[in-house]
Protein chains: 2
Amino acid sequence: MTSQVTDSLAFLLSKLGQATAERFAERLAPLGLRPRHCAVLQLLEGAPLGQLALARTIGVTPSVVVDMLDELEGVGAVRRTRDTADRRRQLVELTDEGRELSLSAARAAAQVDAELLSGLAPDQRSALRRALTAIATAQDLLPRG
Amino acid sequence: MTSQVTDSLAFLLSKLGQATAERFAERLAPLGLRPRHCAVLQLLEGAPLGQLALARTIGVTPSVVVDMLDELEGVGAVRRTRDTADRRRQLVELTDEGRELSLSAARAAAQVDAELLSGLAPDQRSALRRALTAIATAQDLLPRG
DNA sequence: CCATATGATTAGGTTGCCGAATCATATGGG
DNA sequence: CCCATATGATTCGGCAACCTAATCATATGG
């Protein structure tokens, strides 16, 4: 009856989160993408953005954005163009290829979801999603309110 | 209505898992511990183990175990002793200090749990735990069957 | 028109993991 | 008995994903 760390939700969530990330990464690999690219692709589906705005929104430093964009340019998903109004600025926009990749990534994610949820009853699934969303919201983890 | 990666459970779980791990790490820091040490401490609460057995059970490579044990020895939580029956083997056992640290770690984890769950109703909490445990079991992530 | 701020980039460091190579010890077959 | 091979621990080098600080180009306000 001693309470154990591995019984905690914190431990369970950490492990499960890591395992899920790995699985998702495997699914994305054939597309030439990695999990961290997904938030970028999705953000750019709206309008083109500067790199600093991108960095702040997804919560990494500007230098990380440089790397990620180098990679995304490498697979032809995004295009950097100097902002003519402010020539310091790189406007990053999605290519058609990028839009397709973003869709494929969403499909990959959905596949992982299906695998994760396969053992759960429908009401369990929705309860899980609601609970996790509530927690993530409370912890201020979600990109768009 | 377009399905988005960030709407997926996979993405949510990855993010939440990482955030939770960071939070847990902050709680453990004053103890001189990190999340990855916890599984080791807990495993050793049973009987002393060799490092290879440790590695296999927690799912990391032997070289990682070496590092972790160096750290745990550094805070006085474990002791390595050559197995007299097989002198290649290091028998790793918990010290009294280690037992106390393990308890403190469990308390830290419980605190994080409380924070995570604070916004949820009791029935939501148990539903969440059941769902996560079911998934983790299905994915073969739990140390002890 | 110069001081200062801002956007992107580069360089270098840290953490946590991995695989391959190394070293000591054990064990079984000739 | 002794050597080939296996096993346990360790070391070393590498990789991924982040960070900070320094640098460079361009803007902007006094």
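In what follows, every heavy atom counts, from backbone to side chain, and hydrogens, waters and symmetry copies are set aside.
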* Asked: Who pairs with B:Thr61 by side-chain hydrogen bond (donor to acceptor under 3.5 Å, both in side chains), at least two apart in sequence or on another chain?
  -> B:Ser63

* Atom pair distance, as rounded to whole Å: CG in A:Leu69 and P in C:dG7 -> 15 Å

* From D:dC12, C:dC17, C:dG7, pick the nucleotide closest to the side chain of B:Ser63? -> D:dC12

* Asked: From C:dT9, C:dC17, D:dG8, pick the nucleotide closest to the side chain of A:Pro62?
  -> C:dT9

* To do: With sequence neighbours excluded, tell me which residues meet side-chain hydrogen bond (donor to acceptor under 3.5 Å, both in side chains) with B:Glu71.
  => B:Arg34, B:Arg36, B:His37

* Asked: Do you know which of A:Val40, A:Leu43, A:Leu52 makes side chain to side chain contact (heavy atoms under 4.5 Å, CB included) with A:Thr57?
  -> A:Leu43

* Asked: In whole angstrom, what separates A:Leu52's CG from D:dA27's P?
  -> 16 Å

* Which residues, if any, of residues 78-88 of chain B bring a heavy atom under 4.0 Å of DNA chain D? -> B:Arg80, B:Arg88

* To do: Look at all strands and tell whether B:Val60 reaches a base, only sugar-phosphate, or nothing, counting heavy atoms closer than 4.0 Å.
  => sugar-phosphate

* Is a side-chain donor or acceptor of B:Arg79 paired with a backbone partner of B:Glu93 at a separation under 3.5 angstrom? -> no

* To do: Could you tell me whether A:Asp96 atom CG has more than 12 heavy atoms of other residues or ligands within 6.0 Å of it?
  => no

* To do: Would you mind reading off the distance between A:Asp67 atom CG and C:dG12 atom P, rounded to a whole angstrom?
  => 14 Å

* Using Watson-Crick or G-U wobble geometry with both distances below 3.5 Å, tell me the partner of C:dA3, or none. => D:dT28

* Between C:dG7 and A:Gln90, is there an OP1 or OP2 to side-chain N/O distance shorter than 4.0 Å? -> no

* To do: May I ask which nucleotide in the shown strands pairs with D:dA9, Watson-Crick or G-U wobble, both distances under 3.5 Å?
  => C:dT22

* Asked: Quick one: A:Leu54 CG to C:dA8 P, roughly how many Å, whole number?
  -> 9 Å

* To do: Determine: side-chain N/O of A:Thr61 to OP1/OP2 of D:dC19, distance under 4.0 Å, yes or no.
  => yes

* Under the side-chain contact (heavy atoms from CB on, under 4.5 Å) criterion, do A:Leu54 and A:Val60 qualify, and how do the steps go? -> CA-CA 9 Å; A:Leu54 223 42; A:Val60 295; over 6 Å; no

* Asked: Between B:Asp7 and A:Arg129, is there a salt bridge with N-O shorter than 4.0 Å?
  -> no

* Hey, which of these two, A:Gln18 or A:Arg89, hits DNA chain C nearer its 5' end, going by closest nucleotide? -> A:Arg89

* Select one nucleotide: of C:dG7, D:dC18, C:dC17, the one nearest the side-chain heavy atoms of A:Arg36. => D:dC18

* To do: Side chain of B:Arg56 only, please: which of D:dT11, C:dA11, D:dG8 is the nearest?
  => D:dG8

